[in-house]
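Single-structure report; data block below.
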Number of protein chains: 2
Amino acid sequence: MARPQKYERDKVIGAAQTLFWEKGYQATSIIDLQSATALKPGSLYKAFGNKDGLLKAVLNNYTDTTLLYIDSLVEEQMSVKTLLEVFFKRQVDRACDKNTKGCLLVNSLLEFHGQHLHLETEVKKQLQRVQKRFETLVEQGVMSGEFDKEVDASEKATAIMTVVWGLGVMSRMNPEEAHLQAFCDTYLSSFSQ
Amino acid sequence: MARPQKYERDKVIGAAQTLFWEKGYQATSIIDLQSATALKPGSLYKAFGNKDGLLKAVLNNYTDTTLLYIDSLVEEQMSVKTLLEVFFKRQVDRACDKNTKGCLLVNSLLEFHGQHLHLETEVKKQLQRVQKRFETLVEQGVMSGEFDKEVDASEKATAIMTVVWGLGVMSRMNPEEAHLQAFCDTYLSSFSQ
DNA sequence: AAAGTTATTGAATGAACACTCAATAAAATA
DNA sequence: TATTTTATTGAGTGTTCATTCAATAACTTT
């Protein structure tokens with residue numbers, strides 16, 4: 001009954017994610033997005049409302065990807081502690097990759113500190129989704145007997161996120177892989193006390 | 001022989017620091033700076049060259065303050081481990097302060113990721129100054145016998161910065177003070193192995 | 001093929017921005 | 001007091017930006 005959409009929404013979000021991740025939100029102009037997505041401003045605004053709306057779609061997609069990765073580890077039936085080792089290992093690898101762009105959520109959180117309150121709230125929401133996922137994992141570890149009953153899942157989830165975000169910032173500093181790995185090992189070695 | 005300067009450079013830098021810290025670099029306009037410093041654009045540009053130059057002066061001043069704080073702890077003749085406990089405690093307090101602005105260096109590092117290469121380099125330089133200071137402290141701890149001879153000062157300095165930056169990001173998430181403190185305690189409890 | 005509906009286009013808009021510079025003011029020196 | 005030197009002023013410049021919208025295109029249904 002009408003003219004059909006020519007673009008695929010997921011591809012547009014993917015292209016925008018690459019740009020926001022590489023350059024940051026403020027430094028990415030609509031013209032940049034227009035080139036990367038092959039959509040004229042009018043179509044972009046029809047699809048996402050405005051630049052903020054596009055970022056929100058990107059942030060949601062980014063978090064989904066992270067959670068899906070964690071789900072894929074859970075499906076391999078490893079212990080929670082092993083899962084954390086694997087997850088940290090990946091963060092270390094990423095942090096030491098010469099072309100790393102860090103974590104999009106952490107980058108965004110700090111870019112919007114103070115200003116852009118609406119976007120800051122959105123980023124926090126996505127970060128909480130990840131933190132909650134870890135909290136659930138630790139709870140399951142306690143229930144299964146892998147961890148002591150005294151282990152506070154909320155506390156541990158906060159600690160895990162602090163480590164991950166520390167790695168996320170460190171990724172911008174050309175760190176030595178062995179140093180970061182040693183740090184993660186040290187932290188995990190005293191995890192369940 | 002000429003008209004004297006009316007403003008004090010340090011006060012201008014201090015006012016600019018407050019703004020950059022609260023709003024970030026890109027979201028702070030010259031007009032904002034004009035209001036905060038009571039200097040017209042012409043004077044600002046004569047004094048600092050451009051907006052970048054002003055930020056560099058601010059970053060340098062900020063790092064100086066941090067290093068002076070560490071020096072003040074050193075002068076109290078405490079052990080290196082106690083010094084780290086005190087330093088981490090302050091970071092935790094700051095991270096949980098409702099009005100926290102995080103760490104200006106971390107905020108800036110992530111704001112300039114990818115873009116603004118010249119400024120990113122400048123921020124890294126300042127962060128390295130802090131990291132080097134911790135490396136020296138750990139070296140002294142090894143030499144004085146406080147830590148094992150096998151302790152790698154560079155590795156430990158990287159780890160310390162990762163913790164501090166993790167706290168810096170966490171500060172934007174309204175974290176529970178007890179959780180962050182527990183995290184620091186856990187990390188420090190296994191510091192010298 | 002005509003009518004109806006929605007998608008795409010891209011030039012235009014107005015606001016905000018970093019930065020400049022000619023004019024002016026305030027001091028020191030002679 | 002006249003001259004010299006440097007600081008301050010703030011309107012002006014050219015650019016870039018997010019966003020809009022009237023015109024047009026593409027498809028379905030009748």
Side-chain angles (χ1 to χ4, degrees), chain A residues 1-13 15-59 108 111-112 114-120 122-123, chain B residues 1-13 15-59 108 111-112 114-120 122-123:
Chain A
M1 193 138 93
R3 180 174 178 174
Q5 270 186 20
K6 208 163 122 199
Y7 61 89
E8 295 168 51
R9 192 181 167 90
D10 286 351
K11 282 194 182 169
V12 171
I13 291 175
Q17 177 171 311
T18 302
L19 267 183
F20 285 142
W21 205 351
E22 270 173 3
K23 311 180 59 162
Y25 175 77
Q26 298 176 86
T28 302
S29 70
I30 299 291
I31 294 176
D32 294 333
L33 291 164
Q34 185 178 336
S35 311
T37 63
L39 286 188
K40 306 294 171 195
S43 294
L44 276 175
Y45 278 79
K46 176 163 260 246
F48 299 99
N50 55 20
K51 199 182 164 190
D52 290 11
L54 179 52
L55 181 78
K56 284 182 190 175
V58 164
L59 293 176
S108 303
E111 182 170 356
F112 302 140
Q115 299 292 108
H116 311 274
L117 287 185
H118 199 247
L119 292 175
E120 190 183 11
E122 182 67 22
V123 178
Chain B
M1 189 133 100
R3 180 174 177 175
Q5 271 185 20
K6 209 164 125 199
Y7 63 88
E8 295 168 52
R9 192 178 168 92
D10 286 351
K11 282 194 181 168
V12 171
I13 291 175
Q17 176 170 312
T18 302
L19 268 184
F20 285 141
W21 204 351
E22 271 173 1
K23 311 181 58 164
Y25 175 77
Q26 298 176 86
T28 302
S29 71
I30 298 290
I31 293 176
D32 293 333
L33 291 163
Q34 184 178 337
S35 310
T37 62
L39 286 188
K40 305 295 170 191
S43 294
L44 275 176
Y45 279 80
K46 174 163 261 248
F48 298 98
N50 54 21
K51 200 182 164 190
D52 290 11
L54 179 53
L55 180 77
K56 284 183 190 175
V58 165
L59 292 176
S108 303
E111 181 169 357
F112 301 141
Q115 300 291 107
H116 311 277
L117 287 184
H118 199 245
L119 291 174
E120 189 183 12
E122 182 67 21
V123 178

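A quick note: this is a predicted structure, and the numbers were derived from the prediction, not measured. Letters A, B, ... are given to chains in the order of the sequence lines, protein chains preceding strands, and every chain is numbered from 1.
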Specify the residue among B/Pro41 and B/Gln5 whose closest nucleotide of DNA chain D lies further upstream toward the 5′ end.
-> B/Gln5
Could you state the CD-C1' distance from B/Gln115 to D/dT16, rounded to the nearest angstrom?
-> 14 Å
Ignoring backbone atoms, establish whether A/Lys6 has a side-chain N or O less than 4.0 Å from OP1 or OP2 of C/dA7.
-> no
Side-chain touch B/Phe48/B/Leu55, heavy atoms, less than 4.5 angstrom = no
Judged by nearest nucleotide, the residue sitting upstream toward the 5' end of DNA chain D, A/Gly42 or A/Tyr25, is A/Tyr25
Does OP1 or OP2 of C/dA7 have a side-chain N or O of A/Ser43 closer than 4.0 Å?
-> no
Parallel under 30°, tilted from 30 to 60°, perpendicular over 60°: which one fits the rings of B/Tyr25 and B/His116?
-> perpendicular
d(CG, B/Asn50; C1', D/dT15) in whole Å = 16 Å
Report the distance from atom CZ of B/Phe48 to atom P of D/dA7, rounded to the nearest whole Å.
-> 13 Å
Starting at the 5' end of DNA chain C and moving along, which residue's nearest nucleotide shows up first, B/Gly49 or B/Pro4?
-> B/Gly49
Distance below 4.0 Å between A/Lys40 side-chain N/O and C/dG10 OP1 or OP2 | yes
Test item: A/Lys46 and A/Gln5 side chains (from C-beta on) under 4.5 Å apart, heavy atoms = no
B/Leu44 atom CG is separated from D/dA7 atom C1', nearest whole Å, by 13 Å
Mind checking whether B/Tyr7 and B/Thr37 have side chains closer than 4.5 Å, heavy atoms only?
-> no
Between C/dA16 atom C1' and B/Leu33 atom CG, what is the distance in whole Å?
-> 15 Å
Return the nearest nucleotide to the side chain of B/Ser29; candidates are D/dT19, C/dA18, C/dC19.
-> C/dA18
Heavy-atom check, side chain of B/Gln26 versus side chain of A/Glu111, under 4.5 Å | yes
note: B/Tyr7, atom OH; C/dA25, atom C1'; distance rounded to Å ~ 16 Å
Distance, rounded to the nearest Å, where B/Ile31 contributes CD1 and C/dA16 contributes P = 9 Å
Short side-chain N/O contact from A/Lys51 to OP1 or OP2 of D/dA18, under 4.0 Å = yes
Proximity to the side chain of B/Tyr45 - top-ranked nucleotide from C/dT8, C/dC17, C/dT20 = C/dT20
B/Gln26 CD - D/dC17 P separation (whole Å) = 11 Å
